[in-house]
Structure formats: C-alpha cells, structure tokens
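These notes are about the structure you will find just below.
Heads up: numbering here begins at 1 and tracks the sequence.
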Amino acid sequence: MASLSAAISHSCSHVALAHSTKPKKIYHSQCRTLPLPHRSFICRMSFVSRWNSRDTSNARVFASVKEGILLDESVEKVKLPIGDTWSVHKFGGTCVGSSERIKNVGDVILSDDSERKLVIVSAMSKVTDMMYDLINRAQLRDESYISALDAVLDKHRSTALELLNGDELGNFLSELHHDINNLKAMLRAIYIAGHATESFTDFVVGHGELWSAQMLSAVVRKNGIDCKWMDTREVLIVNPTSTNQVDPDYLESEKRLERWYSHNPAQIIIATGFIASTPQNIPTTLKRDGSDFSAAIMGALFRARQVTIWTDVDGVYSADPRKVSEAVILKTLSYQEAWEMSYFGANVLHPRTIIPVMQYNIPIIIRNIFNLSAPGTKICHPLVDDKEDNRPLESLVKGFATIDNVALINVEGTGMAGVPGTAHAIFGAVKDVGANVIMISQASSEHSVCFAVPDKEVKAVAEALKSRFRQALDAGRLSQVAIVPNCSILAAVGQKMASTPGVSATLFNALAKANINVRAIAQGCSEFNITVVVKREDCIKALRAVHSRFYLSRTTIAVGIIGPGLIGSTLLEQLKDQAAVLKEEFNIDLRVMGITGSRTMLLSESGVDLSGWRELQKEKGEVADLQKFVQHVHGNHFIPNTVLVDCTADSVIASHYYDWLRRGIHVITPNKKANSGPLDQYLKLRALQRQSYTHYFYEATVGAGLPIISTLRGLLETGDKILRIEGIFSGTLSYIFNNFVGKRAFSEVVTEAKQAGFTEPDPRDDLSGTDVARKVIILARESGLRLELSGIPVESLVPEPLRASASAEEFMQQLPHFDQEMSKKLQDAEDAGEVLRYVGVVDVVNQKGVVELQRYKKDHPFAQLSGSDNIIAFTTTRYKNQPLIVRGPGAGAQVTAGGIFSDILRLASYLGAPS
Ligand code: ADP
Ligand code: ASP
Ligand code: MG
C-alpha cells in the first residue's frame with residue numbers, strides 16, 4: 001500500500017512537473033498572475049484537466065470561470081457571429097488516417113467558399129482503439145502499455161514530420177511529447193492501481209482528437225490562412241446519464257462557446273470531435289463514434305448552414321455495403337429515417353447526430369472524402385413534393401440495417417394477462433441490471449412479453465427476471481423466462497412504410513422465400529420501421545433477401561450456365577455484349593452466378609465478369625459438382641429469380657429439370673434430351689411447368705434460333721388446329737442435299753460438309769437421322785401427340801454395313817463404296833424433275849411421325865433452299881392451302897445461342913420486364 005501511494009504521488013509530481021515546465025507563455029504568465037490557491041488547484045487537477053492550459057489562452061477562461069472575472073474584463077470581446085455564415089465539416093478517422101490524407105482534408109476545407117468554417121475532426125484512424133488498448137493493458141498490469149504508447153507517439157510524430165516544419169512542427173512536437181509524458185504517468189498509476197476510472201479513461205482516449213485537430217489546424221495555417229484549433233472540452237459541456245450516454249448542456253456550452261470565441265475569433269476553427277467536459281470540468285467523451293454527435297451539437301450551437309460529415313463511403317447506403325454488395329446510395333433521407341437507420345446499426349452516422357441539427361432544420365450531408373464527385377446523401381426534413389402519394393411501394397422503404405449479437409427474452413404465462421404492472425416489473429428488473437432493451441414486442445393476448453437485449457447482457461437479465469418473478473413462476477402464473485440466444489435484429493426503415501398496405505407483406509414474403517424464420521416482430525408506431533428478429537446465422541441472408549426484394553429490378557435473374565462448350569461460350573459472349581444495354585434500356589439485370597463444365601466450375605458471389613471468364617475459370621475454378629453449383633446459383637438469395645441454362649446434350653443433366661422446376665428454378669435449354677426422352681417423364685415435366693409459375697423454355701431444341709416452337713405455340717394457343725408439320729430440320733442434311741446435284745458423288749458432298757464444319761465429328765450422327773427424329777418428337781408432343789422416339793420410323797442414310805464401323809475416319813473411307821445407291825436415287829428424282837430432301841414429318845391427323853428421304857418438285861419451297869437452311873411448313877386449319885413457312889439458318893453456334901438468349905429475354909418479360 002505504501003509503495004502504491006508513493007508511486008501515485010510520484011506519478012502526480014511527474015505530471016505536475018511536466019506540466020509546470022511546459023513552455024507555454026500564456027499559461028506561465030497566467031499561473032504567475034494567479035493567486036496561489038488557484039495554482040495548486042491546477043496542479044491538483046493536472047491529471048484530468050491539463051487541457052485548461054492549452055495555448056489558446058483558455059487557461060485564462062477557466063481560471064476566470066473558477067476564480068472570478070478579472071481576466072475576462074481585460075480582453076476586448078468579439079461577439080460570436082452565429083448563423084448561416086458558418087458551415088460545419090466533420091472528418092472521420094479514415095479521412096485523417098495519414099499525413100497525405102490530412103493534407104487532402106486541408107484542401108477540402110479550403111475549397112469550401114463559406115464565409116466561416118467550423119471543422120470537427122476525429123482521431124487518426126485506429127488511434128482511439130489504440131488509446132483504449134493502452135488503458136486495458138495498464139489495467140491488466142501488462143508492461144507492454146509502454147511500448148504501445150511509444151507506437152502512438154511514433155504514429156503522430158512521423159505524421160507531423162511529414163506535414164509540418166518550422167515553429168508549427170516544433171510547437172506540435174513539444175505538445176505531443178508533453179502529452180505522452182503525462183499519459184505515461186497516468187497509465188503508470190492505472191497500472192499500479194489495476195483499475196481506471198471512467199474519467200481517467202475518457203481523459204486518456206480523447207488524446208487522438210487533440211493531436212489530429214492540432215496537426216490539421218497547422219496544415220491549414222501553412223496556407224497562410226487564419227485558423228484556430230479548439231479543445232472542445234473548453235466549450236462543450238455534457239451531463240452524464242444513467243445509460244452510458246451524455247446529454248449536452250446547450251445553455252452552458254453556448255456561454256462557453258461565446259467566451260471561447262471572444263478570445264479566439266477566426267474564420268476557420270478546427271475543433272476536436274468526441275471529447276467534452278462535465279459541468280465540473282472533468283474531461284469526458286461523447287462515447288464511441290461520438291464525433292458525428294460533436295459535429296451536430298456544434299452545428300446547432302453555431303446555427304450553421306449545414307453540417308457535412310466526411311467519411312469513406314459515398315453516402316448512406318440502402319444497407320451496409322460490406323454486407324450487401326447491391327446496396328445503393330440514398331440521395332435523401334428524412335431526419336427520422338436517418339435516425340432509425342443509425343439506431344439499428346448503420347454506423348455511418350451516430351444515432352444522436354440527428355436531434356441537435358433537426359431542431360434548427362440544419363441539413364446533414366454525408367460525403368466521401370475519397371470520391372469528391374459523389375454528391376452524397378442529404379439528411380433533412382422531407383421535401384414537400386416527396387409525399388408518399390402515388391409512390392411505388394419500393395420507394396417507401398429506404399434502407400435496412402442490422403444489429404448482431406442480440407438475445408431474445410420471452411416472459412410467458414397466462415397469469416400476465418390483465419395484471420397491471422407486469423411490464424413495469426419486467427422492465428424494472430431489466431433496468432436494475434443496467435441492460436439496454438433494443439426492442440420490445442408484446443402479443444395482444446398479453447400472454448407473453450418478448451424483448452431483445454445485447455447478448456452479453458442476457459444472462460444477468462434472465463437471472464434478475466427469474467428472481468423478481470420467483471413467486472409467480474413457482475405458482476405457475478408465469479410459465480417461463482426463456483432465452484433465445486444468437487439472434488440478430490433486422491430493421492426496415494422508411495417514412496410511412498409501416499402504415500402503407502403491402503409493404504410489410506412484401507417484406508415478410510421476401511423472408512419466407514429465402515426460407516428465413518422470423519422469431520419476433522416489432523413495428524414502431526412511429527411508422528418509420530419494421531423490425532424483425534432472426535437467427536444470427538440467417539441475418540446476412542435475410543438482409544440480402546429483403547434488400548433485393550425492394551431494391552433490385554424485379555427482372556434481376558441469377559443465371560447458371562451448364563456446359564460452356566461451343567454454344568455455351570457463344571451464349572456467354574452474347575450475354576457479355578448485350579448486358580449493359582439490357583440493364584440500362586430494359587431494366588433486365590442478368591447475372592451469371594456460375595459456369596460449370598463436366599470437370600470444373602466457376603462460382604461468383606455477385607456475377608462473373610464475362611470478359612474474362614475463361615481466365616477466371618483457370619484461376620478460381622473448382623471441381624465441378626452439380627449439386628453445389630445449383631445450390632450456389634439458386635441459394636444466392638439476393639437475386640429474386642434463378643435460371644439454369646443447360647447447353648449440354650446430356651440426358652443426365654436433363655433428368656434434373658423436374659427437380660429444378662419444383663424448386664422454383666427456371667430452365668432454358670437447347671438440349672433435346674428431356675423433351676424427346678421417355679414420354680412419361682416428359683408429361684410429368686410439362687404438367688409441373690403448367691401448374692407452377694416456373695418457366696421451362698426450349699426454343700433452340702428445334703431449328704436453333706428460328707421461331708419454331710413459339711410459332712407452334714402461338715397457333716395452338718390461339719385455337720388453330722395443327723394438321724401437319726413437315727420440314728428440313730437438319731442444317732447438315734440440308735447442306736448435303738442442297739449440294740448433292742448433277743454428277744457429284746454423295747460421299748464427296750459429305751466430305752465437303754465435314755470439312756466445312758457442318759457435320760458432327762462423326763457424320764453418322766447426322767446421317768443416322770436420330771437428331772431429326774428427336775426434333776420430330778418434340779414438335780409432335782408439342783402438338784399434343786403422345787409419341788415415343790422408338791415409335792418413329794427413321795430412314796438412316798448410313799449404309800447398313802457401315803453402321804458398326806470403328807471410327808469416323810474408317811466410315812469416311814468406306815462411304816464412296818456406297819455412292820452408287822444414292823446416285824441412283826438422285827438420278828431418278830432428277831429425271832422426274834424433282835429434288836431429294838431429308839425431312840421430318842409430324843402427321844397430326846394420323847398421329848404419326850416419320851423421318852425419311854423424300855422427293856419434291858423443283859418449284860416446291862423445300863427445293864429452293866441454299867446453304868444449311870432449315871425450313872418448316874405448318875399446315876393447319878387456318879393455313880390449309882398455303883402452309884405457314886418458317887425458313888432460315890437452323891444450325892450453328894451463333895444462331896443457337898441467339899435462340900437461347902431470346903428464351904432468357906422471354907423469361908425476363910414473363911417476370912415483368914418492360915416491353
Ligand atoms: P468514420 O470513421 O468516418 O466516422 P465509420 O466507420 O464510423 O466512419 O462509418 C462509415 C462506415 O459505415 C462505412 O465505411 C460503412 O462500412 C459503414 N456502414 C454501415 N452501414 C452503412 C450504410 N447503411 N451506409 C453507409 N455506410 C454504412
Ligand atoms: N475517435 C472516436 C472513436 O473512434 C470518435 C469518432 O471517431 O467518432 O470512437
Ligand atoms: Mg463514425
């Protein structure tokens with residue numbers, strides 16, 4: 001004990017010594033003129049109020065407050081010109097995080113052409129944390145507080161060396177060293193005591209602001225401009241409250257401000273944020289992140305024109321941009337909306353910033369110091385024409401914010417109903433343990449009261465409640481005091497949203513769609529917010545789900561591409577080229593969330609950059625896993641719709657369509673396997689599609705990009721009756737027979753087609769006719785026929801003996817041996833003035849399909865084809881004498897991908913895209 005007090009008195013004398021030897025002219029002269037009792041007062045208070053002696057002659061002010069008015073009378077008073085000549089700026093920690101940034105802040109201040117400027121500055125970024133850390137270490141009797149303090153010194157010394165020179169540098173460094181010495185002594189005392197009082201702590205942690213304000217003011221002065229710095233503890237007087245907050249004493253602060261200004265008139269004042277004094281002149285703070293509050297109070301005291309809060313984001317986002325990458329900047333917010341957003345966790349603004357400025361109608365502008373071109377967010381009273389009449393639901397919800405780490409407490413029991421004073425007893429018990437109730441919800445049956453408190457307080461609260469209600473619990477009047485730990489609060493904020501029909505339904509619908517269970521609900525009667533409690537692990541998902549529901553275009557679609565082969569990659573290319581136009585002109589936002597091949601897949605959280613997807617796949621690709629892929633693309637709840645585009649020809653992939661559609665995933669494909677596969681599965685798939693609002697489009701399965709399925713559907717839906725569909729469905733076979741003329745050998749034309757890339761690698765895949773048969777089946781089923789692939793006669797052009805040839809090469813070698821048969825058919829046709837064409841036919845009248853080589857007169861439309869064109873003739877009751885003909889290129893990656901793309905756009909229009 002003896003050594004403890006000795007150490008403290010040693011520390012004291014050290015502080016006092018450091019203090020009294022400080023080379024401050026005014027202070028010394030002041031001290032000398034003061035009567036002895038006052039000097040001893042200052043020395044006694046030197047731990048906590050050395051700030052009285054700063055070089056702005058403030059010691060005099062305080063001396064006069066304490067000791068009389070003699071000194072005040074000796075100075076000619078300059079009246080404080082309050083009003084809108086003042087503009088207030090507040091710079092957050094990141095704005096002044098380095099010498100470069102402080103310089104930049106200086107430029108921003110100078111570029112404001114307001115007549116008078118008050119600047120509130122935070123500590124350099126991380127410094128306040130460092131200061132709290134010093135206290136912690138010292139309290140824990142950890143010697144490392146010394147080296148940690150050295151780091152604080154180094155940070156500021158090196159910043160000052162980079163920024164200042166001459167007297168300014170000398171003055172600042174001597175202040176800094178002086179402060180550090182004091183802090184060292186103080187921390188030593190804390191180390192010895194193993195405890196820091198609140199005022200000791202507040203005194204220590206506020207130094208970051210003292211240093212940044214002094215450096216910034218010196219930087220502004222370097223430009224030859226009159227600029228004073230203000231230790232706000234001399235002006236701002238606050239009263240502590242029982243809730244770890246402080247309340248400004250405006251009257252007293254105003255008096256002190258007038259007095260301060262009368263001694264320090266200046267056009268530019270750089271003031272410390274965060275710190276203040278109690279009415280007893282004990283240093284205190286406005287608590288963490290309190291500089292915004294400082295700026296608002298000062299703005300109110302000066303009746304400033306506006307308060308600009310400079311930070312590191314472009315303004316207030318519709319949700320925390322770290323959690324929702326889709327968040328958008330809000331142009332304006334009402335004071336109430338801003339308050340609700342900040343209360344519920346949007347830490348871009350301290351919640352208490354609003355009230356001081358609101359009473360004088362002073363707007364707050366939130367701006368980004370790193371992006372001066374962004375106009376920021378303006379917080380003010382709602383504009384007159386910003387009424388809610390006729391506004392869409394979406395714009396009534398401004399933003400979303402969350403508070404993590406809360407727990408719910410549910411006090412339940414039939415004995416609560418109609419018993420006056422129950423709520424009083426519950427919240428009385430909560431108050432007794434000093435816990436902060438974040439939200440309350442009571443069912444109207446009065447059967448239960450449920451409220452949220454910070455996780456760390458829940459245990460104490462529950463125990464207090466159990467003990468307070470022991471008797472009621474024992475008697476069964478209360479059934480339980482239950483805790484639901486690990487929760488988060490999600491608040492939707494917007495003027496009048498809660499009173500507008502439909503908004504909360506939309507909100508809860510979005511949560512339900514994302515499969516999120518809501519634990520509790522509260523709606524402020526203020527109508528500014530709806531608050532829900534969800535499991536903590538669901539919080540981000542919930543936030544994204546509701547945000548996307550209100551903010552994303554309804555036609556934002558998460559796209560998963562399966563099979564980035566020739567067609568898939570061409571589609572990706574087309575999507576890339578068209579994405580911006582679609583978004584800007586049609587409000588269709590397509591996000592490729594994943595691309596999977598058979599071996600590797602590429603997943604993205606917000607959309608693959610399509611200009612470099614191949615490189616990304618190489619760098620970041622992972623082993624393909626279809627289930628994981630689908631889960632990723634669909635499970636991404638910030639996008640309201642999902643479509644999987646199957647660009648493979650794989651029947652295994654096709655077998656998943658049913659399950660995907662059932663889960664609400666739209667499917668688009670050129671893959672023929674599902675629609676030409678087993679009939680029962682096809683019927684099941686189509687039945688499901690008809691029942692649900694989930695879409696399945698497959699235009700590119702027939703005729704690539706040609707409008708064949710859609711033409712057929714259009715005819716059927718408008719009541720036409722299909723009699724027959726006949727066509728050349730294979731681009732390859734179209735090419736072959738368009739060129740198989742005169743004396744040419746069939747094998748020669750096949751070789752030519754193969755070399756031109758018109759055939760499959762093994763031309764037998766085309767010549768066998770199976771592909772055409774699949775198209776016939778698809779059209780037949782679409783027309784209402786219940787046919788199986790195996791039920792269609794297909795005339796194969798692969799000579800019987802070559803069907804089992806080992807390789808494509810061997811087949812091509814052997815093919816000339818069979819030319820004669822084909823030449824004969826050609827000759828016969830030509831002799832009759834006809835041409836050969838390989839066609840598929842759906843004979844709806846006789847419920848049959850067939851694929852065969854047919855002869856057509858030379859003036860028939862099928863005889864007029866060139867290249868690899870497809871042609872399809874629909875004979876219907878309306879188009880009986882003259883069939884409806886669709887003709888055009890029906891093969892190739894570009895047109896097939898184009899067909900898929902147009903299905904995607906059709907989906908978007910079904911989902912509500914503008915036409
Ligand atoms: P400063 O140090 O400038 O006071 P803060 O870190 O206190 O800055 O506040 C800015 C940060 O608030 C942003 O960097 C952002 O990550 C976070 N933030 C949380 N919610 C929001 C929101 N809705 N809008 C903007 N920023 C938000
Ligand atoms: N520097 C203080 C803090 O970090 C106050 C502020 O920056 O708003 O809490
Ligand atoms: Mg802040």
Side-chain angles (χ1 to χ4, degrees), residues 195 197-198 201 238-247 284 286-288 339-340 342-345 350-352 355 401-491 498 517-526 528-536 539:
H195 174 71
T197 62
E198 197 179 330
T201 304
V238 296
N239 288 300
T241 69
S242 55
T243 54
N244 189 34
Q245 290 188 347
V246 293
D247 286 337
T284 185
L286 305 188
K287 311 305 165 199
R288 285 316 304 260
W339 184 85
E340 298 271 356
S342 57
Y343 175 81
F344 285 105
H350 189 282
R352 299 200 66 196
I355 306 296
T402 55
I403 307 178
D404 283 330
N405 303 327
V406 301
L408 270 184
I409 295 191
N410 197 15
V411 184
E412 228 177 280
T414 44
M416 280 163 64
V419 180
T422 311
H424 175 81
I426 293 174
F427 294 108
V430 178
K431 179 181 174 287
D432 290 347
V433 293
N436 174 28
V437 177
I438 307 169
M439 66 158 259
I440 306 172
S441 152
Q442 180 184 355
S444 57
S445 70
E446 297 187 0
H447 186 73
S448 72
V449 174
C450 163
F451 57 94
V453 294
D455 246 343
K456 59 181 191 309
E457 289 167 357
V458 71
K459 232 173 125 200
V461 173
E463 270 158 26
L465 286 170
K466 280 180 191 153
S467 116
R468 171 70 185 73
F469 290 104
R470 184 77 281 146
Q471 210 182 340
L473 282 164
D474 289 346
R477 276 181 287 121
L478 278 192
S479 55
Q480 62 169 346
V481 174
I483 299 177
V484 187
N486 303 324
C487 292
S488 290
I489 287 181
L490 165 67
N517 188 20
V518 174
R519 293 287 175 92
I521 304 168
Q523 173 176 317
C525 353
S526 70
F528 295 134
N529 92 63
I530 300 173
T531 310
V532 297
V533 178
V534 297
K535 268 196 277 177
R536 189 167 56 209
C539 184

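- Across all their heavy atoms, Ala520 and Cys450 have their closest contact at CB-SG, 3.9 Å.
- Heavy-atom contacts from other residues, nucleotides or ligands closer than 6.0 Å to NZ of Lys456 number 12 or fewer.
- Counting all heavy atoms, side chain and backbone alike, Leu286 lies closest to His350 at O-NE2, 4.3 Å.
- Looking only at distances, a side-chain donor or acceptor of Ser479 sits under 3.5 Å from a matching main-chain atom of Glu412.
- Counting heavy atoms from C-beta on, the side chains of Glu463 and Val481 never come closer than 4.5 Å.
- Heavy-atom contacts from other residues, nucleotides or ligands closer than 6.0 Å to CD of Glu198 number 12 or fewer.
- Closest of all the heavy-atom pairs between Ser448 and Asn410 is CB-OD1, 3.7 Å.
- Atoms CD1 and CG, from Ile355 and Asp247 in turn, are 11.5 Å apart once rounded to the nearest 0.5 Å.
- Pro351 and Ser342 make their closest contact through CA-OG, 3.1 Å (heavy atoms, listed as atom of the first residue, atom of the second, distance).
- Between Asp474 atom CG and Phe469 atom CZ the span is 13.0 Å, to the nearest 0.5 Å.
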| said: Applying side chain to side chain contact (heavy atoms under 4.5 Å, CB included) to Val433 and Glu457, what does each step give before you reach the verdict? | reply: CA-CA 8 Å; Val433 293; Glu457 289 167 357; over 6 Å; no
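- Counting all heavy atoms, side chain and backbone alike, Val246 lies closest to Pro240 at CG1-CA, 4.0 Å.
- In this structure, the separation between CG on Asn529 and CD1 on Ile489 is 10.0 Å, given to the nearest 0.5 Å.
- Counting only distance, with no hydrogens or angles, the side chain of Ser441 and the backbone of Ala522 share no donor-acceptor pair below 3.5 Å.
- In this structure, CD1 on Ile521 lies 8.5 Å from CE on Met439, to the nearest 0.5 angstrom.
- Looking only at side-chain heavy atoms (C-beta outward), Lys535 and Arg519 come within less than 4.5 Å of each other.
- The distance from the OH atom of Tyr343 to the CD1 atom of Ile438 is 6.0 Å, given to the nearest 0.5 Å.
- Looking at Arg536 and Asp455, a side-chain N of the basic residue comes within less than 4.0 Å of a carboxylate O on the acidic one, giving a salt bridge.
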| query | Checking side chain to side chain contact (heavy atoms under 4.5 Å, CB included) for the pair Trp339/Phe528: CA distance, chi angles, key distance, verdict? | reply | CA-CA 10 Å; Trp339 184 85; Phe528 295 134; over 6 Å; no
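- We find the CG-CZ distance between Leu478 and Arg468 to be 10.0 Å, quoted to the nearest 0.5 Å.
- The two residues Val533 and Cys487 make their nearest non-hydrogen contact at CG1-CB, 3.7 Å.
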